[in-house]
Number of protein chains: 2
Amino acid sequence: MKPTIKDVAERAKVSPSTVSRVLTGVGYVSAATKEKVLKAVDELGYNPNGVARSLKRAKTQTIGVIVPDISNPYFVRVVRSIENCVSKSDYNLLLCSTDDNASKEETFLRILRERRIDGLIFAPSRLELGSALKPFLDANIPVVLVDRTITDVEVDTVVEEGEQSSYRLVQSLIEMGHERIAIVNSKPYISTSIERQRGYERAMLDAGIPIRPQYIQHGRFDQETGYLCGKRLFTLKDDRPTAIFATNNSILYGLMLAARELLIRIPEDISLVSFGDLEYSELIFPRVTAILQHPDRVGTTAAEVLLARLNHTHVEEVQKTRRIVLPTDFRCGTSVRNLRD
Amino acid sequence: MKPTIKDVAERAKVSPSTVSRVLTGVGYVSAATKEKVLKAVDELGYNPNGVARSLKRAKTQTIGVIVPDISNPYFVRVVRSIENCVSKSDYNLLLCSTDDNASKEETFLRILRERRIDGLIFAPSRLELGSALKPFLDANIPVVLVDRTITDVEVDTVVEEGEQSSYRLVQSLIEMGHERIAIVNSKPYISTSIERQRGYERAMLDAGIPIRPQYIQHGRFDQETGYLCGKRLFTLKDDRPTAIFATNNSILYGLMLAARELLIRIPEDISLVSFGDLEYSELIFPRVTAILQHPDRVGTTAAEVLLARLNHTHVEEVQKTRRIVLPTDFRCGTSVRNLRD
DNA sequence: CTGAAAGCGCTTACAG
DNA sequence: CTGAAAGCGCTTACAG
């Protein structure tokens with residue numbers, strides 16, 4: 001059987017308390033006993049039981065991370081930078097992908113609650129979560145939202161600017177003479193989706209361009225949506241759009257696949273802009289005019305906010321809720337045709 | 001304070017044992033008491049403590065996953081498919097990236113051992129791990145190696161065929177008249193690195209082509225290595241290679257970036273083949289002649305092997321160690337110039 | 001500097 | 001069908 005602290009204690013002829021003190025490094029222990037204990041630990045190949053420790057200490061050194069899709073390069077980088085940050089403070093990551101499925105999301109939240117994670121970093125699937133987060137907040141377990149926000153609970157949030165960035169992106173199309181501008185977006189109840197939509201609509205409105213319903217396509221933030229909506233838009237009979245706004249990297253990818261399949265050239269036949277860039281974009285032609293996001297910064301910032309909370313649980317300096325909106329960058333590519341030429 | 005099973009018991013006027021029986025669903029409980037208990041659970045917003053349960057049951061429902069780099073698309077997909085598989089059986093993933101750093105790797109192994117994971121899926125950073133895995137095997141915690149194998153311990157393994165695939169890849173270059181073929185590889189103590197090297201050397205040997213030392217570049221399985229070695233090879237004075245074999249996707253990416261920067265055209269100026277494909281390769285020109293891997297299959301298979309072990313811990317049908325080698329595919333692209341024309 | 005005792009919150013045979 | 005008791009393996013005041 002796996003040796004326990006008791007076994008170590010017996011072999012070193014001390015009490016379990018002393019072994020614990022040696023191993024945790026808190027409290028006084030004489031050099032001699034310390035040596036004895038360490039020797040016994042070594043001889044037995046003792047490995048302390050973290051589960052027991054967690055139960056006793058009511059701390060698991062675990063941070064839950066819930067994202068829509070760990071295979072999306074954006075979240076990959078968010079997660080990786082979170083890991084880099086928190087592993088220095090001895091936390092591990094429990095990782096979950098919801099596929100933006102509300103019921104999976106609820107299940108994961110319940111499981112992570114049962115597992116008594118110390119903190120949660122979460123990209124919620126919808127703007128109104130109802131009471132799903134309440135148990136965490138009630139139990140004083142810090143939660144940091146990333147990439148997406150919610151409206152019905154006050155909670156730390158780290159997102160990237162969405163509406164103004166989208167406005168600017170669409171404006172850049174309008175400046176090139178585009179009016180028939182379509183948007184391929186995700187659900188109208190995801191915060192990023194809403195903001196990007198709003199930027200689009202405001203840019204159109206400000207330019208006095210009417211928005212045609214058939215130019216507004218809603219699906220999910222995935223490649224399939226981009227592909228299907230792309231095919232639909234590309235094959236529109238009368239009023240094919242001259243430009244399309246892809247609201248995330250996966251949708252952009254799907255659109256480009258559809259264009260490639262239908263032999264539609266970018267930007268000659270249709271212009272493309274996107275929120276978020278493709279991985280390996282240096283090798284992809286044409287370079288898409290896009291809002292550049294900074295997933296590493298999002299992850300790092302979220303981790304820092306969370307760690308700050310984790311370190312001040314007792315202290316009365318309970319800072320108020322932080323809502324951090326990180327700036328994006330605009331990259332001008334070669335995916336937009338100038339219709340004014 | 002967070003309610004415990006005792007609080008629920010008191011409110012429902014039953015014993016904690018009974019509450020436990022209701023919640024776990026094992027053992028007999030009358031319909032009436034069951035209802036009482038569930039009502040109390042609901043009213044108190046009771047959420048059972050998984051840590052306590054884990055301690056008692058000596059099961060954590062946790063699977064540790066250690067990979068070199070969670071941001072490499074290959075491992076992203078391995079991890080994602082593992083998650084898909086094991087989440088159905090109520091396991092969660094504790095995720096760690098080692099950066100192929102032996103000391104980080106050891107630390108993670110120790111931490112996961114302390115955390116009493118139920119099983120481990122692991123892509124080891126070197127062929128000989130010494131005793132690092134021993135504690136797991138001694139404690140009867142199943143381990144499945146993915147992508148890479150080790151020599152000093154018998155353990156379940158799921159890898160993709162490496163030597164023969166590489167042989168074929170290099171052979172395809174030779175058939176096109178190439179002789180000055182370089183290889184950019186990772187460390188000579190990583191199994192995949194070794195196999196791919198062996199395939200290369202055997203193909204050269206069988207064709208009677210001498211191997212020039214300056215054509216063998218070793219670094220890491222990352223983009224930087226591809227980039228640096230690419231620059232070095234591209235700028236070789238006398239005997240610039242006519243073709244380069246990239247031993248993984250990241251190295252290929254680095255090579256292509258270097259080529260792009262130096263305005264070296266593929267395949268006109270230099271030919272390229274690779275083990276493993278780039279993400280988004282449909283959009284990247286030229287299509288690289290490559291060995292196609294199947295990370296989803298690797299992840300799924302590894303998860304299945306692990307789950308099988310997990311379900312037969314007690315039973316005496318302790319299957320012997322499995323070593324699964326999955327087949328790869330060969331894709332002929334347009335990145336190789338035919339020197340025989 | 002060290003040990004005895006209590007307790008973290010569950011589960012699980014064992015009686016009844 | 002239900003409850004009392006023991007115990008999982010630690011940590012942590014509290015005495016001494």
Side-chain angles (χ1 to χ4, degrees), chain A residues 1-38 40-41 44-62 90 111 113-118 135 139 141 314, chain B residues 1-38 40-41 44-62 111 113-118 135 139 314:
Chain A
M1 271 318 300
K2 227 176 176 340
T4 70
I5 199 171
K6 244 176 95 188
D7 300 318
V8 177
E10 278 167 20
R11 179 171 259 261
K13 302 197 198 307
V14 296
S15 72
S17 331
T18 300
V19 177
S20 175
R21 264 180 230 114
V22 171
L23 263 24
T24 59
V26 304
Y28 300 84
V29 194
S30 77
T33 42
K34 186 167 177 180
E35 198 179 329
K36 274 196 303 183
V37 169
L38 259 23
V41 164
L44 290 172
Y46 171 68
N47 179 254
N49 186 326
V51 178
R53 172 178 293 177
S54 289
L55 178 60
K56 184 64 201 179
R57 289 198 176 155
K59 289 269 165 286
T60 55
Q61 298 301 119
T62 308
D90 262 330
I111 291 177
R113 211 145 35 85
E114 288 188 2
R115 303 192 65 137
R116 298 296 189 265
I117 55 171
D118 292 337
I141 297 166
H314 308 283
Chain B
M1 272 317 301
K2 226 173 175 344
T4 70
I5 200 171
K6 243 176 94 188
D7 300 318
V8 176
E10 278 168 19
R11 180 171 260 260
K13 300 196 198 313
V14 295
S15 73
S17 333
T18 300
V19 176
S20 176
R21 266 181 229 112
V22 171
L23 263 24
T24 58
V26 303
Y28 299 85
V29 195
S30 78
T33 42
K34 186 168 177 179
E35 198 178 329
K36 273 197 304 185
V37 169
L38 290 176
V41 165
L44 291 172
Y46 171 68
N47 179 253
N49 186 326
V51 178
R53 173 177 293 176
S54 288
L55 178 61
K56 185 64 202 174
R57 290 200 176 153
K59 289 269 163 286
T60 55
Q61 298 301 117
T62 308
I111 291 177
R113 212 146 34 85
E114 287 188 3
R115 303 193 64 137
R116 297 297 188 262
I117 55 171
D118 292 336
H314 308 282

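Hydrogens, waters and symmetry mates are skipped; everything else that's a heavy atom, side chains included, is used. Note that the structure is a prediction, hence the values are computed from the model and not measured. Throughout, protein chains are lettered first and strands after them, A, B, ... in sequence-line order, and every chain is numbered starting at 1.
Pairing for D:dA4 is absent, judged as Watson-Crick or G-U wobble with the two contacts each under 3.5 Å. C:dA13 is unpaired under the Watson-Crick or G-U wobble criterion, no partner having all donor-acceptor distances under 3.5 Å.
Nucleotide C:dG9 holds its P atom 18 Å from the CZ atom of A:R53, rounded to whole Å. Between the CZ atom of A:R21 and the P atom of D:dG9 there is a distance of 21 Å, rounded to whole Å. A:I5 places its CD1 atom 13 Å from the C1' atom of C:dG3, with the value rounded to the nearest Å. The NZ atom of A:K36 sits 12 Å away from the C1' atom of C:dC1 (whole-angstrom rounding). Distance B:D7 CG to C:dG9 C1': 10 Å, rounded to the nearest Å. Between B:R115 atom CZ and D:dC10 atom P there is a gap of 15 Å when expressed in whole angstrom units. The CD-C1' distance, from A:E10 to D:dC10, rounds to 15 Å in whole Å. Regarding B:K6, its NZ atom lies at a distance of 15 Å from the P atom of C:dT11, rounded to whole Å.
Proximity of B:S30 to the phosphate of D:dC1: no side-chain N or O atom is located under 4.0 Å from OP1 or OP2. Side-chain nitrogen and oxygen atoms of B:T4 include none within less than 4.0 Å of the OP1 or OP2 phosphate oxygen of C:dG9. Phosphate contact (OP1/OP2 of C:dC8, side-chain N/O of A:S54, threshold under 4.0 Å): absent. For C:dG3, the OP1/OP2 oxygens have no side-chain nitrogen or oxygen of A:Y28 closer than 4.0 Å. Not one side-chain nitrogen or oxygen of B:Y46 sits closer than 4.0 Å to the OP1 or OP2 atom of C:dG9. Considering only side-chain N and O atoms, A:S17 lies nowhere under 4.0 angstrom from the phosphate OP1 or OP2 of C:dG3. Residue A:R57 places at least one side-chain N or O under 4.0 Å from the OP1 or OP2 atom of D:dT12.
If you find the closest nucleotide of DNA chain C to B:G50 and to A:T18, the one lying nearer the 5' end belongs to A:T18. Of the residues near DNA chain D, B:K56 and A:P48, the one whose nearest nucleotide (by heavy atom distance) lies more toward the 5' end is B:K56.
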Could you go through A:Q61 and A:D118, starting from their C-alpha distance and side-chain angles, then the distance that decides it, and tell me whether this counts as side-chain contact (heavy atoms from CB on, under 4.5 Å)? CA-CA 6 Å; A:Q61 298 301 119; A:D118 292 337; 4.2 Å; yes
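B:K2 is not listed as a side-chain neighbour of B:N49, based on a closest heavy-atom distance of 4.5 Å or more. In this structure, the side chains of A:V8 and A:V14 stay at 4.5 Å or more apart for every pair of heavy atoms.
Looking at the side chain of B:S20, the nearest of the listed nucleotides C:dT12, C:dG9, C:dA5 is C:dT12.
For the pair A:S54 (side chain) and A:K59 (backbone), a donor-acceptor distance under 3.5 Å is present. In terms of modelled atom types and a separation under 3.5 Å, the side chain of A:T60 and the main chain of A:R116 share a donor-acceptor contact.
No more than 12 heavy atoms of other residues, nucleotides or ligands lie within 6.0 Å of NZ in A:K34, so this atom counts as exposed by the packing criterion.
Backbone-only contact: B:V14 has heavy atoms under 4.0 Å from sugar-phosphate atoms and none from a base.
Contact annotation: side chain of A:R116 to base of C:dG9, donor-acceptor pair absent below 3.5 Å.
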